Amino acid sequence: MRLRDVDDTDAWSLFVRDYGPMLYRFLRGRGLQDADAADLVQDVMRAVGSSIARLDYQKDKGGFRAWLFTITRNKLYTFLEKNARTEQGGGDTANHERLNRQKDPRDEWTQQWELEHQRQIAMQAMQVIRESAEPKTWAAFERTAINGQSAAEVGRELNMSTGAIYVARSRITSKLRDQVQRILAEEVLT
């Protein structure tokens, strides 16, 4: 709700930081080129800025994220429709076929939107936990849980027992789970 104050640069910076990359990945995942995705992110940001004052926040209807998805989906659909009219006249068969396959891809978009949101929250949580974790503990987690290395291999590299690797991984996983819950709780409150 702080976004309603156009002079609250901190709120807008946080919004762009937290949602900009998510919007960009979502749009790129829909087949947009880099420049088109970046332009559409800006269009979405402008639309948020011009309509946030009219947002009637109702948690039971999905809240802010659902509202942002609606804006994004509408901007994307308009963009694809406009390009479909332009490209059909151009005779580019590959683009024409891609657009025909995506006549009404809204269900897929909703699933992808949720996936991007989950990725964004995971990245935010990892950033917070990484900053507060012991470097060796984080390295044990990252190498086993993210990079898929074996605990024995990582233990040798970090001069830790295999058991210590599993404990480190478990501690970081627990902290990440808690941080994700905090982020989700804050999201509901904003």
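Treat the numbers as computed from the prediction; the structure is a model and nothing was measured. Each residue takes its place number in the sequence, starting with 1. Heavy atoms only: backbone and side chains are in, while hydrogens, waters and symmetry mates are out.
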Would you say Ser170's side chain and Tyr166's backbone share a donor-acceptor pair under 3.5 angstrom?
no

Checking the side chain of Ser50 only, and the main-chain atoms of Arg46 only, is there a donor and an acceptor separated by less than 3.5 Å?
yes

Quick one: which residue pairs count as a salt bridge (charged side-chain N to carboxylate O under 4.0 Å, His left out) with a foot in residues 159-185, not counting sequence neighbours?
none

I'd like to check [X] versus [Y] (side-chain heavy atoms, cut-off strictly below 4.5 Å). Are they in contact?
X: Leu32; Y: Leu76; result: yes
X: Leu115; Y: Gln112; result: yes
X: Leu14; Y: Arg17; result: yes
X: Arg73; Y: Trp113; result: no
X: Phe141; Y: Leu176; result: yes
X: Val48; Y: Trp67; result: yes
X: Leu40; Y: Tyr24; result: no

Any chance you could lay out the side chain to side chain contact (heavy atoms under 4.5 Å, CB included) test for Asp39 and Gln42, step after step, and finish with the verdict?
CA-CA 5 Å; Asp39 287 347; Gln42 292 301 314; 5.6 Å; no

side-chain contact (heavy atoms from CB on, under 4.5 Å) with Leu23: which of Val41, Asp43, Ile71?
Val41

Is the ring pair Tyr19/Phe15 parallel, tilted or perpendicular, if the boundaries are 30 and 60 degrees?
tilted

Assess whether side chain to side chain contact (heavy atoms under 4.5 Å, CB included) is satisfied between Leu68 and Val44, documenting all intermediate values.
CA-CA 8 Å; Leu68 181 61; Val44 170; 3.8 Å; yes

Heavy atoms from other residues, nucleotides or ligands near CG of Asp34 exceed 12 (cutoff 6.0 Å):
yes

List the atom pairs, with distances to 0.1 Å, where a side-chain N or O of residues 119-137 and a protein N or O form a donor-acceptor pair under 3.5 Å, not counting sequence neighbours.
from, atom 1, to, atom 2, distance (Å)
Arg119, NH1, Glu116, OE2, 2.7
Gln120, OE1, Arg25, NH2, 2.9
Gln120, NE2, Asp18, O, 3.0
Gln124, NE2, Asp18, OD1, 3.0
Ser132, OG, Ile129, O, 3.2
Lys136, NZ, Leu158, O, 3.0

Quick one: do Ile165 and Ile172 end up in the same hydrophobic cluster if we chain Ile, Leu, Val, Met, Phe, Trp and Tyr together by side-chain heavy atoms under 4.5 Å apart?
no

Does NZ or CZ of Arg28 fall inside the cone over Phe26's six-membered ring, less than 6.0 Å from its centre and within 45° of the axis?
no

If every non-hydrogen atom of His117 is compared with every non-hydrogen atom of Leu184, which pair is closest and at what distance?
CE1-CD2, 4.1 Å

For Glu157, give me all partners under side-chain contact (heavy atoms from CB on, under 4.5 Å), at least two apart in sequence or on another chain.
Arg143, Gln149, Glu153

